Structures are given as structure tokens and as C-alpha cells.
Amino acid sequence: QKEVEQNSGPLSVPEGAIASLNCTYSDRVSQSFFWYRQYSGKSPELIMSIYSNGDKEDGRFTAQLNKASQYVSLLIRDSQPSDSATYLCAVMGTGFQKLVFGTGTRLLVSP
Amino acid sequence: EPEVTQTPSHQVTQMGQEVILRCVPISNHLYFYWYRQILGQKVEFLVSFYNNEISEKSEIFDDQFSVERPDGSNFTLKIRSTKLEDSAMYFCASAEDLDNEQFFGPGTRLTVL
């Protein structure tokens with residue numbers, strides 16, 4: 001059973017702080033990793049993709065991947081109230097086409 | 001910026017009725033997907049479609065479900081005889097290539113009464 005695990009939260013941070021979201025996955029052959037943001041009642045919106053070990057930065061967002069530990073994380077710098085949403089970790093294995101999603105971590109950024 | 005579109009945004013149907021959910025993927029994308037999300041639960045994969053055929057499907061995608069690309073732009077999901085437990089948000093997604101980023105449409109909320 002291929003699983004993607006996330007802490008459901010809520011993770012509460014004050015405005016301007018760094019939010020750190022974590023995800024672990026069980027399938028060692030997983031090769032592609034994605035973070036999506038989902039506002040209540042809306043569809044998943046792609047934030048970041050990461051394919052190799054290390055860090056990948058895009059604006060206020062940094063994705064980190066450690067395949068040996070089967071661990072992916074997302075850092076959000078200078079968190080804003082508009083970042084309040086559920087953040088979904090999704091994983092894809094080589095040769096497979098489906099994304100396997102975690103349950104998501106709810107982030108609350110207070111003004 | 002190109003985006004995936006879906007219609008209708010909300011579909012209400014009686015149990016046992018057939019529904020067709022429609023999607024227009026991003027125009028240069030070659031891989032198409034359907035996912036669903038039951039209220040309060042995780043997003044679940046249903047089916048992937050490439051080169052006019054199903055390339056992968058989940059155990060949820062049983063004989064009640066079918067997909068079709070009837071023309072060069074639309075991608076449809078048909079549920080033949082809806083059940084109460086089919087009530088969910090259904091998301092279409094598309095990707096330019098295998099292993100690439102998948103972009104999701106706004107979803108269709110299906111309510112089965």
C-alpha cells in the first residue's frame with residue numbers, strides 16, 4: 001500500500017513567520033513530488049514540484065526532498081493570512097501516472 | 001494563462017441516473033486524469049488517459065465508470081448508474097508529459113440523492 005503521510009494540523013503561525021510543512025512517503029520508487037494548495041471548496045493548485053534531492057526555491061516557497069529518508073517538506077517564508085489553506089503533498093512513482101495524495105496539512109496564518 | 005475547465009460546476013442527480021462530467025484540458029497537454037475527493041477526505045486517483053486509451057485506473061474505477069475523448073478538446077467522465085457514495089468533488093487534470101506537473105480544473109461537485 002503506497003502511502004503519503006502528513007500531519008493534519010492545524011499548524012498555526014503568526015503573520016511574517018516561517019511555516020514548515022512535512023510529508024513522508026512509503027514507496028521508495030517514487031520519483032516526482034508535488035505540493036498543492038487547496039482552499040476550502042476549491043481545487044488543488046500546484047505550488048511546487050521537486051524531482052531531485054536538495055532544495056528548490058520559488059519566491060517565498062522552498063521545497064526540500066530527501067529520498068533516503070523518504071521525506072519532503074515545504075517552507076513558506078513571510079507567511080501571509082492569504083496562505084491559510086490546506087497544503088497537499090502528492091507523490092508519483094516512475095512509470096506510473098497517478099498522483100498519490102496525503103490528507104493535507106491545514107495552515108492557519110494569524111494577522 | 002491556459003487552464004483546465006470543467007462543466008458543470010455542480011450536478012445534482014437521482015440515484016441510478018447516468019451523469020456525464022465534462023473537462024477541457026490545457027490544449028498542448030497529452031495526459032488526462034480524473035480524481036475525486038469525498039468531503040473531508042483525501043484526493044483519490046480514478047483514471048489516467050493517454051493516446052485515446054486508459055493507461056491506468058484505480059480499484060474505484062469499476063464498470064460503472066467510463067472515460068472518453070469525443071473530440072480534440074473535450075474529455076468526459078461518465079458514471080452509468082450513480083450511487084449515493086458517488087457524491088464527491090470530481091477533478092479533471094492534465095499534464096504535458098508523463099511525470100510532469102498535473103494541473104487541476106475547478107471541479108464538479110456531484111450530489112447523488
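What you are looking at is a predicted structure, and each value in this text was computed from that prediction instead of being measured.
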Please check if [X] and [Y] belong to a single hydrophobic cluster, counting links between Ile, Leu, Val, Met, Phe, Trp and Tyr side chain heavy atoms closer than 4.5 Å.
X     : Y      : value
B:I60 : B:L77  : yes
A:M92 : A:V100 : no
B:F32 : B:F91  : no
A:L65 : A:I76  : yes

Atom [atom1] of residue position [X] - does it have more than 12 heavy atoms of other residues, nucleotides or ligands inside 6.0 Å?
X      : atom1 : answer
B:N28  : CG    : yes
A:R106 : CZ    : no
A:K42  : NZ    : no
B:L84  : CG    : yes

Notebook entry, point to check: Does A:Y51 reach the main-chain N or O of B:N100 with its side chain, forming a donor-acceptor pair under 3.5 Å?
Noted result: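 Not at all, since once roles are kept as given, no pair shorter than 3.5 Å links the two residues.
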Notebook entry, point to check: Side chain of A:S43, backbone of B:G105: donor and acceptor closer than 3.5 Å?
Noted result: yes
Note to self: At a heavy-atom distance under 4.5 Å, which candidate from B:R109, B:E101, B:K42 has the highest pair count against chain A?
What the structure shows: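 Among the listed options, the one with the most contacts to chain A is B:E101.
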Check: Among B:Q37, B:M89, B:Q41, who wins on heavy-atom pairs under 4.5 Å with chain A?
Finding: B:Q37
Next item on the list: Can you tell which part of A:Q38 gets under 4.5 Å to a heavy atom of chain B, answering side chain, backbone, both or neither?
Entry: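 It is the side chain, since no backbone atom gets that close.
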Note to self: Can you tell me which portion of A:L46 sits under 4.5 Å from chain B's heavy atoms? Options are side chain, backbone, both or neither.
What the structure shows: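 For A:L46, side-chain heavy atoms alone lie under 4.5 Å from chain B.
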Check: Of the backbone (N, CA, C, O) and the side chain (C-beta and beyond), which part of B:E44 lies under 4.5 Å from a heavy atom of chain A, both, or neither?
Finding: neither
Next item on the list: Calculate, to the nearest 0.5 Å, the distance between atoms CD and CZ belonging to B:Q102 and A:F34 respectively.
Entry: 7.0 Å
Checklist line | A:Y36-B:F104 aromatic ring centre distance below 6.0 Å | finding: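 Distance test on ring centres: under 6.0 Å, yes.
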Note to self: Assess the residue pair B:K57 and A:K98 against the criterion (side chain to side chain contact (heavy atoms under 4.5 Å, CB included)); give the C-alpha distance rounded to whole Å, side-chain angles, the decisive distance to 0.1 Å, and a yes or no.
What the structure shows: CA-CA 8 Å; B:K57 61 182 180 179; A:K98 66 179 181 183; over 6 Å; no
Margin query: For a 4.5 angstrom cut-off between non-hydrogen side-chain atoms, does B:Y35 reach A:L99?
Written below: yes
